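Remember, predicted model here, so these are calculated numbers, not experimental data.
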Amino acid sequence: MKVLVVGNGGREHALVWKLLQSPQVEQCFCTPGNGGTALLERCENLPYGVDDFANIAESVQKYNIDLVVVGPEVPLSEGITDYLQRYNIKVFGPTQAGAQIESSKSWAKKLMADGGIAIAKGETFRDADAAKAYIAQQGSPIVVKADKLAAGKGVIVAETMAEAQNAVDELMGTGFDSIVVEEFLQGEEVSILALTDGKTIRPLLPAQDHKRIGEGDTGLNTGGMGAYAPAPIATPALLERVQTEILEPTVAALRQQGIHYCGVLYAGLMVTPEGEPKVLEYNCRFGDPETQAVLPLLETPLDQLLMACVESRLEEFPTLKWYKGSAVCVVAASEGYPGSYEKGKPITGIEEAERLGSTVFHAGTKLNGDCLLTDGGRVLGVTSLGEDFDTAIQKVYSCIEAIHFPGVYYRRDIGHRVRE
Ligand code: AMP
Ligand code: GLY
């Protein structure tokens, strides 16, 4: 089998790496890929951007690719799946209609409310004054969100009313004509990435991300600074509730809209102090960096699962097999991220970090001749496994110390919640 992964982040490197472990996968392609996918044996980077649907379709035909796996949300929300399906190409990832679950917060909220799913209560506004009046009525803390995709910059958790009112002006002043204002939920977050073929739903191990740049979960929001799995907050009882009260009704609600959803349904949940799981948001794709923590623990061949989703036969896999133990991924970022940062810094020590017992997934890297350079905000994700979290955490930090580039920054407290 030949598989093409679309995207260029740490998530896509992890997908290709895992797919290549399957005896059935003879070759992978990644477009546009990064330094990590360029260095993998049996993987070839193609030069096309994630929105270059025509060249992606042509490559699938040229190289006899059997399956396309789409990493990021932007091409999904722009209809890459619909486009490729017109050429009878097998695609893992929802259609444009299905991707609305991530690309339109108001659409997703209505779908969930109609399906009786527990969510943060809120309203959608196209008028700033009406949004502000609602905020004044509800009080703070309160959460203001861009209705559309915003590359992780569209959510403001406002401590005060003034902050919330400013957030309304800021979002509406920067091109977001529709916003969602919703109740602030307290609790602990967990990411449930579930594979689905539109009927059967098979969640992967629960994971926890670390969204803030600073230790102790302080500072600005980022794409994610580290993750671990399986997150102990998601007890078997909680996962059972997530399956029956959240995931199943969501897939049923999608079907009612005529949407056959094939791909990852990623529920970003808040587990409230009372132990209730509530949906903060849905994503229509694998999480980054959750994927870099979850996939190393997966024993069932990934290609078989993704193909089963595409061919509507996921029910053939009643359970997924997992290696025992814990996984922790720590992201090494460029100095200045999530603000401005410089690129093009030479990276050393990856081989040593791997020799010490980790897998290094590349995110923002590029190969310049033989030299590996930084090429983004999040540069690498270093994952280690251990029989328990203490072992995995110790190992990952001893490995990441081997990695150097000017200005390298990483949080030293990834996994702190499992130790509290
Ligand atoms: P989202 O992109 O919707 O997941 O939001 C980004 C982050 O903002 C989430 O991971 C939460 O940390 C926070 N957040 C979003 N919605 C809420 C909410 N209703 N209550 C509390 N925190 C929230
Ligand atoms: N880790 C958060 C995300 O993938 O959206």
Peer 1: Within the side chain of Tyr397, is there an N or O that forms a donor-acceptor pair under 3.5 Å with the backbone of Ile414?
Peer 2: yes
Peer 1: Judged by modelled atom types alone, do Glu274 and Thr272 share a side-chain donor-acceptor pair under 3.5 Å?
Peer 2: yes
Peer 1: Tell me if the CD atom of Glu215 is crowded by more than 12 foreign heavy atoms within 6.0 Å.
Peer 2: yes
Peer 1: Using modelled atom types and a 3.5 Å cut-off, is there a donor and acceptor pairing between side-chain atoms of Asp390 and backbone atoms of Ile393?
Peer 2: no
Peer 1: Between Thr37 and Asn45, do the side chains contain an N or O donor and an N or O acceptor separated by less than 3.5 Å?
Peer 2: yes
Peer 1: Just checking, any donor-acceptor pair under 3.5 angstrom between side chains of Gln292 and Thr383?
Peer 2: no
Peer 1: Is it true that atom CD of Gln256 has more than 12 heavy atoms of other residues, nucleotides or ligands lying nearer than 6.0 Å?
Peer 2: no
Peer 1: Would you say Arg11's side chain and Pro289's backbone share a donor-acceptor pair under 3.5 angstrom?
Peer 2: no
Peer 1: Do Ser22 side-chain atoms and Lys18 backbone N/O form a donor-acceptor pair below 3.5 Å?
Peer 2: no
Peer 1: Can you see whether Glu290 engages Tyr266 through a side-chain donor-acceptor pair at a distance of less than 3.5 angstrom?
Peer 2: yes
Peer 1: Any luck finding a side-chain donor-acceptor pair between Asp413 and His210 under 3.5 Å?
Peer 2: no
Peer 1: Quick one: does Thr365's side chain have a donor or acceptor within less than 3.5 Å of a partner on His362's backbone?
Peer 2: no
Peer 1: I'd like to know if the side chain of His13 reaches the main chain of Leu40, judged simply by a donor and an acceptor atom lying under 3.5 Å from each other, with no hydrogens or angles considered.
Peer 2: no
